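Structure, as structure tokens:
Please read all numbers here as calculations on a predicted model, not as lab measurements.
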4 protein chains.
Amino acid sequence: MQRIGVLTSGGDAPGMNAAIRAVVRKAIYHGLEVMGVSRGFAGFIDADIGPMQVGSVADIIHRGGTILRTARSDEFQTRSGRARAYQNVERFRIQGLVIIGGDGSFMGAKLFHEEFQVPVVCIPATIDNDIPGTELSIGFDTAVNNAVDAINKIRDTATSHERLFIVEVMGRRAGFIALEAGLAGGAESILIPELPFSVEEVCDKLMRGYRRGKLHSVIVVAEGAASGIEFGREIKRITGFDTKVTVLGHLQRGGTPTAQDRVLGSRLGALAVELLMEGRCKLAVGIRNGRPDHWDLDECLDGKKEIDLEAYRLAGILSI
Amino acid sequence: MQRIGVLTSGGDAPGMNAAIRAVVRKAIYHGLEVMGVSRGFAGFIDADIGPMQVGSVADIIHRGGTILRTARSDEFQTRSGRARAYQNVERFRIQGLVIIGGDGSFMGAKLFHEEFQVPVVCIPATIDNDIPGTELSIGFDTAVNNAVDAINKIRDTATSHERLFIVEVMGRRAGFIALEAGLAGGAESILIPELPFSVEEVCDKLMRGYRRGKLHSVIVVAEGAASGIEFGREIKRITGFDTKVTVLGHLQRGGTPTAQDRVLGSRLGALAVELLMEGRCKLAVGIRNGRPDHWDLDECLDGKKEIDLEAYRLAGILSI
Amino acid sequence: MQRIGVLTSGGDAPGMNAAIRAVVRKAIYHGLEVMGVSRGFAGFIDADIGPMQVGSVADIIHRGGTILRTARSDEFQTRSGRARAYQNVERFRIQGLVIIGGDGSFMGAKLFHEEFQVPVVCIPATIDNDIPGTELSIGFDTAVNNAVDAINKIRDTATSHERLFIVEVMGRRAGFIALEAGLAGGAESILIPELPFSVEEVCDKLMRGYRRGKLHSVIVVAEGAASGIEFGREIKRITGFDTKVTVLGHLQRGGTPTAQDRVLGSRLGALAVELLMEGRCKLAVGIRNGRPDHWDLDECLDGKKEIDLEAYRLAGILSI
Amino acid sequence: MQRIGVLTSGGDAPGMNAAIRAVVRKAIYHGLEVMGVSRGFAGFIDADIGPMQVGSVADIIHRGGTILRTARSDEFQTRSGRARAYQNVERFRIQGLVIIGGDGSFMGAKLFHEEFQVPVVCIPATIDNDIPGTELSIGFDTAVNNAVDAINKIRDTATSHERLFIVEVMGRRAGFIALEAGLAGGAESILIPELPFSVEEVCDKLMRGYRRGKLHSVIVVAEGAASGIEFGREIKRITGFDTKVTVLGHLQRGGTPTAQDRVLGSRLGALAVELLMEGRCKLAVGIRNGRPDHWDLDECLDGKKEIDLEAYRLAGILSI
């Protein structure tokens, strides 16, 4: 192997730059060349591809987002789109590909490998942390800390006004951010799509707390579970409490990555290069049993990542 | 003068605790007693009033919100409500009142003084910075920094995705937060209620930037100027750009106050006590020509605080 | 079991409050009573002990330090000191003890259990992360993020001045903070007590970088490996580079705990209570294979926690 | 005027990039060309000079340090060095110069103007805020907030351990950072070079607090007033308190600039260009009476900036 390519795909996640840096420098350290593909699979098709040096990734480990940028590509979802991308694999003499992204990107990588035998190693990077197979994805820790920081700020206001706050967090169809941020933020209730909930039950808990003297509460709602705005309206209708809603939105994705996301990106980036050098060709890397590990890419595509029920129950107990 | 009261009213603002601390300690230093009134004018009416010591305000200068809490009081808007509050002035032998809040609170203070001759000194505290007479209000600097921090985070995502982001910030009917945060955040356009704008013009600027190679933009919208969500929809319709909207909401109010808001709260709190001790009785304190100063309360209630047109034009020039 | 005690001991660590909150609420949820012991073993001897309610731990999860405070106790190191503490176990009818702290605290807990048969469960909390048996200790993640944040700030200055910066971080006799912060901060070299290093080698690397055009560097030094100030002097003598030294000191311990430290504290606190309720009596809890787990307390006292050599080598490769 | 130059000189200060961005874009907006001079006067002498475009200053407003870098130049302190720099003024056809830096840089600018009649406008940028004539310098607000943030973190530990902390902050021969950070951080004592102090008095205050039940304290020491380490040793000797010292060092200079420093940099940068365009030739810009203003450069070089005695006294009163 003499030359590999690297791209980021799907939603951006803090720590992607640490992974890019690790791929580039680890590869160069071992004498490989690295081609950076801009704007994900879209840039692959458009030949938006160029060589990367040690200096290309200087001073990026602390930056949010991805210097390679990312984009959706409808064309890559088609056989003919992937064929065009493969032409660039040949043209740029890329012998292995590191793909940093979420499950959609992994699916694209799998098809690309199956159709054109390009060796691929995928690195899980999504703030949603919803990729099966790995315990952690790059960006999750930063997103959770961003959400918790916002909850902290909102709690100041909630306390001063004796108000109820609904905070809607990201996570697509999964509740990982909501659960972790709710537990860390001391939320009075947490709503996630994986578990049923009833407005009445939430209201009951609020009323019990209120009678005990609890004058302010924060409820964390995963975007996949309910609309924060509609849920807030319901709560207000039933309890009569002064209810405010905040939809955190895209600021959860941004900001300087946490130490954990930088270390995670660095380790998984380096591991991906090692595996390509060993001649492996359809793998995912990630964290298993608390350690960097790898497995067949299919394990990240089948099934569904389970929420930690014990953590959910614990959050309920600790917020009495 | 032997005993004064202090309350916070209206929306909470970071730095209110620094002001409370300064009022309490400055007064005690000069031998006065201080009664803390909880939940603003509502607590005044309900006799939710208690003595404060040096230790009551220990370890609060770095906390957001207000330890005295705040609330709306419809009752205090009526003559009879204020009469009930005045009964507590007499009952608790309060000889002067420091009122920390926004223009609504100042209006209440004015009426209270005129009707019952209670000496009042008002301290401007509102993240909106919309109180006439003072150049700065407590909480504004923190709110602006919170908004700028959010813009920073969103820009990471905007850059990675080559997207257009609309960020709606607070400010009620004024554009102070939007202008300051937009200027500091390097926003491509800033929409404020004080100045006319047209969607077409904003789109023209976006298109010009796009043709020059600018692949991402952030537009800051004051809540008083437009709904971020509706404005984003319009922009998308006209330009076809991938447009995302974030409504920052209440997290702008929270968090550890900045150094400036703590110093401002400390200085104005101490000044208010000095003025009460001098026998003054219907004043506002604030910043004029860059320095703590005081003036008749009416100056804060008449007229409208002007936006800085030069700063607005500058923001336009610097975001080319 | 009807009543348990909880204390924090040794150096304070961010996330201790989350653990206290979890112990108190989990215990009360299951019908137990909780006595809080102030100032660690010193407070135990002095009977500085009082009941804790659900409300005692409200609004503390986001605070650094420990509301129970902590202190060194020379007296508890003696048999007679522990005997006095045991009198308070009897007086306050404490049937099990949760001890949150570092290895010194664990040793005290072990002796206390062996001599007086008091059931103890220990929760590892130390920013140094040097407790054998557990992969993670409460406070480590926050300390690392604090150090990385400082490195970020220093890098701004290093870049502007083309300077070499030495940053000395905490960790006592271990290099965990230095390694993790150095890897996450992109440090050019990392010095830890677990591995030999030579000033000459560090200087060689600096000179090689310099010749390649690298105009600024950051070297992270664990306090257990070398004095940052002396090391900086040596480097300057050999290379002639403009070298500045920053000793981060106690600010690494403080600040709002990260989400991870809050979740870790919450989970381990709850687990400790469960184990006491099951009648277990000399355990440590912690993280093993990425998950909360427990084991005999002795495992935390024997041996030495190993540094991750692979992470160390990786840091070297990525900082070329 | 067709072409101007811009440089940063002396110690770096957060917000310098905002000023560079404003100079470049404001000038280009009015049809001027801008040459960026790297590494201050040293780069001027070495002809390290190149054209800047609108895009050269994209995405820098939120970055600490200075993209133009800065350096000391012993050569520019000599007549012959300045003559060499002037050759580059001619070579690059620079008709006016914006110099962003501290008082040393201003003195260089003055000589350069007097000897070679190059029009200069100086922008005050130093975290120390010690430049006479202007109420504020770029970088001060960020440095103070960095120091206050560190004090917050240290206070967590101080509270948990019932300890005394000495925090040494920057400021060169002036106490501005110490006073502002001490006031905002609620420090129990503040030591600045402008005012006499005695260890005994500080100890007396500590002992009085201790007897009243104050179990932890933070003392802020300006580097120009005393060595934190020696002062801490003295305090410990006299009081016997467990005293820890933290020297904040260079991390005060770094980090994302605050909103205020970005706005300040933007406004002063634009004003400097306007003044050059008007044909003015030996000015300083800055803040006077709370507003951007300009005056003869000599006003920044004569005399000494006075500390705010009232703020100092207030800090004493509020920390009882």
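- Among residues two or more places apart in sequence or in another chain, the side chain to side chain contact (heavy atoms under 4.5 Å, CB included) test is passed with D/Ala125 by D/Ala13, D/Met16, D/Ile100, D/Ile138.
- The greatest number of non-hydrogen atom pairs below 4.5 Å with chain B, out of D/Leu136, D/Val263, D/Val57, is found for D/Val263.
- By the side chain to side chain contact (heavy atoms under 4.5 Å, CB included) test, B/Ala272 is found to be paired with B/Val98, B/Val121, B/Ile123, residues two or more places apart in sequence or in another chain being considered.
- Heavy atoms of B/Leu318 lying under 4.5 Å from chain D belong to its backbone as well as its side chain.
- Taking CG of D/Leu264 as the start and CG of B/Leu183 as the end, the distance is 11.0 Å to the nearest 0.5 Å.
- Looking at residues two or more places apart in sequence or on another chain, you find a ring-ring contact (aromatic ring centres under 6.0 Å, His included) between B/Phe165 and A/His250.
- Only the side chain of B/Ile61 comes within less than 4.5 Å of a heavy atom in chain D; its backbone stays farther off.
- Interface remark: D/Ala311 contributes backbone and side-chain atoms alike to the contact with chain B (heavy atom separation under 4.5 Å).
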Can you list every donor-acceptor pair under 3.5 Å that links chain D to chain B?
{"unit_1": "D/Arg21", "atom_1": "NH2", "unit_2": "B/Leu318", "atom_2": "O", "d": "3.1"}
{"unit_1": "D/Arg25", "atom_1": "NH1", "unit_2": "B/Leu318", "atom_2": "O", "d": "2.8"}
{"unit_1": "D/Asn145", "atom_1": "OD1", "unit_2": "B/Ala259", "atom_2": "N", "d": "2.8"}
{"unit_1": "D/Ala184", "atom_1": "O", "unit_2": "B/Arg262", "atom_2": "NH1", "d": "2.8"}
{"unit_1": "D/Ala259", "atom_1": "N", "unit_2": "B/Asn145", "atom_2": "OD1", "d": "2.8"}
{"unit_1": "D/Arg262", "atom_1": "NH1", "unit_2": "B/Ala184", "atom_2": "O", "d": "2.8"}
{"unit_1": "D/Arg267", "atom_1": "NH1", "unit_2": "B/Asp308", "atom_2": "OD2", "d": "2.9"}
{"unit_1": "D/Arg267", "atom_1": "NH2", "unit_2": "B/Asp308", "atom_2": "OD2", "d": "3.0"}
{"unit_1": "D/Asn289", "atom_1": "OD1", "unit_2": "B/Arg291", "atom_2": "NH2", "d": "2.6"}
{"unit_1": "D/Arg291", "atom_1": "NH2", "unit_2": "B/Asn289", "atom_2": "OD1", "d": "2.6"}
{"unit_1": "D/Asp308", "atom_1": "OD2", "unit_2": "B/Arg267", "atom_2": "NH1", "d": "3.0"}
{"unit_1": "D/Asp308", "atom_1": "OD2", "unit_2": "B/Arg267", "atom_2": "NH2", "d": "3.0"}
{"unit_1": "D/Leu318", "atom_1": "O", "unit_2": "B/Arg21", "atom_2": "NH2", "d": "3.1"}
{"unit_1": "D/Leu318", "atom_1": "O", "unit_2": "B/Arg25", "atom_2": "NH1", "d": "2.7"}

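- Interface summary for chain D: among B/Ala58, B/Ala270, B/Ala22, the most heavy-atom pairs under 4.5 angstrom belong to B/Ala22.
- In terms of non-hydrogen atom pairs under 4.5 Å with chain B, the most contact-rich of D/Gly290, D/Ala147, D/Ala315, D/Ala184 is D/Ala184.
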